[in-house]
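Read the structure below first, then the notes.
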Amino acid sequence: MTTLSATEARRLALVAQGFDSSPRGTVTAEHLADTIARLGVLQLDSVNVFERSHYLPMFSRLGAYDTALLDHMLLDPRVPATHIEYWAHEAAFIPVESWPLWQWRMLESRERNLRPDSWLAQHRKLADELLTRLHSEGPATFSQLEGKRDQRRGSWWDWSDVKLALEYLFEDGVITAIGRTNFQRIYAPVADVIPHHLLDAAVDKPVARRALVLDAVRALGIGVLSDIADYYRFKVAPTKVALHELLDAGAIQRVTVDGWTHRCESLDAYVVSGAVVPTKAPKVSTILTPFDPITWNRPRASRVFGFEYKIEIYTPAAKRVYGYYSLPILMDETLVGRIDLKADRKNRTLIVKSAHWEPTRPSDAADRLSVVVRRAAAWRGLENISVDDWGDAAAELRRIF
């Protein structure tokens with residue numbers, strides 16, 4: 001069995017995630033689509049202190065780009081769907097071509113919701129009416145479907161019931177989101193959105209799961225069982241079965257990595273067959289969203305990058321160590337710190353609320369981080385930069401700005 005160094009594993013992970021492919025010149029819609037395809041999934045999050053999470057993986061890998069291009073691709077209900085939202089990992093965008101690979105999960109959800117004791121079965125009248133309205137009236141948000149308070153008809157027409165019914169229908173694959181407005185999903189019947197050749201191409205569960213597990217290995221570059229299961233939020237046991245089937249088929253290889261151990265025993269890791277280990281680290285200086293595949297799995301971030309990470313949104317302000325929504329800082333093949341950014345859009349100012357270094361960083365880290373901050377400000381149309389006095393990296397930035 002091949003044994004890789006920890007450095008080789010990091011490089012495999014970063015190259016697989018697209019940190020070696022920043023384009024020269026203007027970022028195009030094709031670049032954005034290729035990046036989403038490389039990731040397999042683009043996670044959503046509602047926090048908008050600096051920028052919403054789904055915009056950041058593109059910036060991290062491609063540099064500054066026109067977010068209107070991504071909005072047009074993902075959120076514009078007037079254009080045919082090339083990407084669609086579903087519970088892949090968490091709420092996330094996936095390429096519409098992968099829809100058949102998820103229909104088994106939707107079918108399982110529908111079967112659960114047919115049980116007489118399920119919430120949806122007990123609120124079928126509401127669900128059916130919502131679906132009828134979407135068919136007859138066209139796409140709508142939750143707020144539009146809820147109606148004004150004085151227009152609700154009966155006790156069952158409660159907003160929480162409407163929201164729940166829509167979410168169950170969404171999970172069942174009966175309705176989908178053709179975009180968002182003010183971060184609310186715009187719901188529509190699946191049959192009105194997904195091309196019929198994809199709706200009719202459902203893949204058997206074992207085959208679909210193998211395909212998605214293989215895609216997770218490809219997207220991760222290298223991962224242990226728990227990493228691979230987490231990528232699309234699968235349970236460990238069926239993921240293990242799929243990995244063994246992929247090994248038997250020769251689609252993946254089992255390797256070990258120096259230092260990747262559990263209870264003093266080496267962990268099995270997996271790479272796609274024929275994977276080429278990069279000889280050099282990608283040359284990159286950037287920030288990541290907390291929901292980037294590099295860092296969304298906290299145990300993996302610790303194992304691969306030695307980076308202990310959490311966001312402190314739900315930590316009382318007085319107890320925060322690093323900041324409200326600190327973003328990991330990537331330089332080459334190392335996560336060197338974290339920075340908490342806030343966009344003061346009214347005053348066109350990017351505020352560095354805090355910035356902290358990890359023990360290991362390059363000697364020119366402060367200068368490189370200042371370039372990243374300037375690039376981030378320009379990307380979001382912010383003319384000024386202000387640095388608060390919290391953290392050792394912030395102290396260095398204050399001397400620069």
Side-chain angles (χ1 to χ4, degrees), residues 6 9-10 13-14 17 19 39 41-57 59-61 87-92 216 219-220 223-233 236 259-262 267 284-331 333-343 350-361 365 369 372-373 376 387-395 397:
R10 280 195 299 275
L14 289 167
Q17 281 283 308
F19 287 99
L39 302 180
V41 62
L42 185 63
Q43 185 173 338
L44 285 149
D45 185 70
S46 62
V47 175
N48 194 24
V49 179
F50 166 58
E51 186 51 275
R52 293 202 192 278
S53 184
H54 66 281
Y55 292 113
L56 277 169
F59 175 72
S60 301
R61 290 155 177 80
W87 291 106
H89 193 74
E90 297 292 335
L220 287 167
V224 302
L225 171 60
S226 59
D227 303 338
I228 296 161
D230 176 73
Y231 204 80
Y232 289 125
R233 288 291 199 258
V236 167
W260 288 20
T261 60
H262 179 65
L267 290 168
V284 60
S285 299
T286 194
I287 52 176
L288 308 176
T289 169
F291 304 106
D292 193 289
I294 292 293
T295 50
W296 70 24
N297 183 329
R298 311 306 192 222
R300 183 173 190 266
S302 175
R303 185 187 334 107
V304 178
F305 296 97
F307 190 68
E308 304 299 329
Y309 181 52
K310 65 177 289 187
I311 53 176
E312 298 178 301
I313 291 174
Y314 303 110
T315 302
K319 295 183 178 181
R320 289 177 190 144
V321 177
Y322 296 113
Y324 176 78
Y325 196 73
S326 58
L327 310 175
I329 304 165
L330 175 66
M331 291 185 182
E333 60 190 12
T334 307
L335 292 171
V336 301
R338 60 204 86 199
I339 186 167
D340 191 13
L341 298 178
K342 176 180 175 64
L350 179 62
I351 304 172
V352 179
K353 301 293 291 181
S354 68
H356 299 80
W357 294 125
E358 289 290 287
T360 301
R361 63 187 185 275
L369 181 58
V372 172
V373 171
V387 183
D388 291 351
D389 187 15
W390 183 9
D392 52 353
L397 288 177

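For the single chain, residues carry numbers from 1 onward in sequence order. The basis for the numbers below is simple: all heavy atoms, side chains too, and nothing from hydrogens, waters or symmetry mates.
R233 is linked by a side-chain hydrogen bond (donor to acceptor under 3.5 Å, both in side chains) to H89, E90, D230, counting only residues two or more places apart in sequence or in another chain. Not a single salt bridge (charged side-chain N to carboxylate O under 4.0 Å, His left out) links D45 to another residue, sequence neighbours left out. Considering only residues two or more places apart in sequence or on other chains, F50 meets the ring pair (Phe, Tyr, Trp, His ring centres under 6.0 Å) condition with none of them. Residues satisfying the ring pair (Phe, Tyr, Trp, His ring centres under 6.0 Å) test with F59, not counting sequence neighbours, are W379. With sequence neighbours excluded, the residues satisfying side chain to side chain contact (heavy atoms under 4.5 Å, CB included) with K353 are D340, K342, I351, D388. With sequence neighbours excluded, no residue satisfies ring pair (Phe, Tyr, Trp, His ring centres under 6.0 Å) with W260. For S285, the side-chain hydrogen bond (donor to acceptor under 3.5 Å, both in side chains) partners are R368, not counting sequence neighbours. Partners of Y231 by ring pair (Phe, Tyr, Trp, His ring centres under 6.0 Å), not counting sequence neighbours, listed by chain and number: W296. N48 pairs by the side-chain hydrogen bond (donor to acceptor under 3.5 Å, both in side chains) definition with R345, not counting sequence neighbours. Every residue meeting the side chain to side chain contact (heavy atoms under 4.5 Å, CB included) condition with A365, not counting sequence neighbours, appears here in chain and number order: M331, W357, R361, P362.
The CD1 atom of I287 sits 6.5 Å away from the OG atom of S60 when rounded to the nearest 0.5 Å. Going from atom CG of L327 over to atom CD1 of I311 covers 10.0 Å, rounded to the nearest 0.5 Å. Between atom CG of residue L397 and atom CG of residue D389 there is a gap of 11.5 Å, rounded to the nearest 0.5 Å. The structure places OG of S326 at 11.5 Å from CG of L288, a figure rounded to the nearest 0.5 Å. Going from atom CG of L369 over to atom OG1 of T286 covers 10.5 Å, rounded to the nearest 0.5 Å.
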- I would like to know whether V373 and V387 meet side-chain contact (heavy atoms from CB on, under 4.5 Å); could you show each step before the answer? CA-CA 10 Å; V373 171; V387 183; over 6 Å; no
- Criterion side-chain contact (heavy atoms from CB on, under 4.5 Å) on L335 and Y309, from CA distance to verdict: CA-CA 10 Å; L335 292 171; Y309 181 52; over 6 Å; no
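S53 approaches T289 most closely through the heavy-atom pair OG-OG1, 2.6 Å. In terms of heavy atoms, G223 sits closest to I228 at O-CD1, 3.5 Å.
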Side-chain donor/acceptor pairs under 3.5 Å, residues 317-324, sequence neighbours excluded:
unit_1: R320; atom_1: NE; unit_2: E312; atom_2: O; d: 3.0
unit_1: R320; atom_1: NE; unit_2: T315; atom_2: O; d: 3.0
unit_1: R320; atom_1: NH2; unit_2: T315; atom_2: O; d: 3.3

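Distance alone, capped at 3.5 Å, places no donor-acceptor pair between the Q43 side chain and the H54 backbone.
Listed by first and then second residue, the salt bridge (charged side-chain N to carboxylate O under 4.0 Å, His left out) pairs that reach into residues 289-305 are R61-D292, D227-R300, D227-R303, sequence neighbours excluded.
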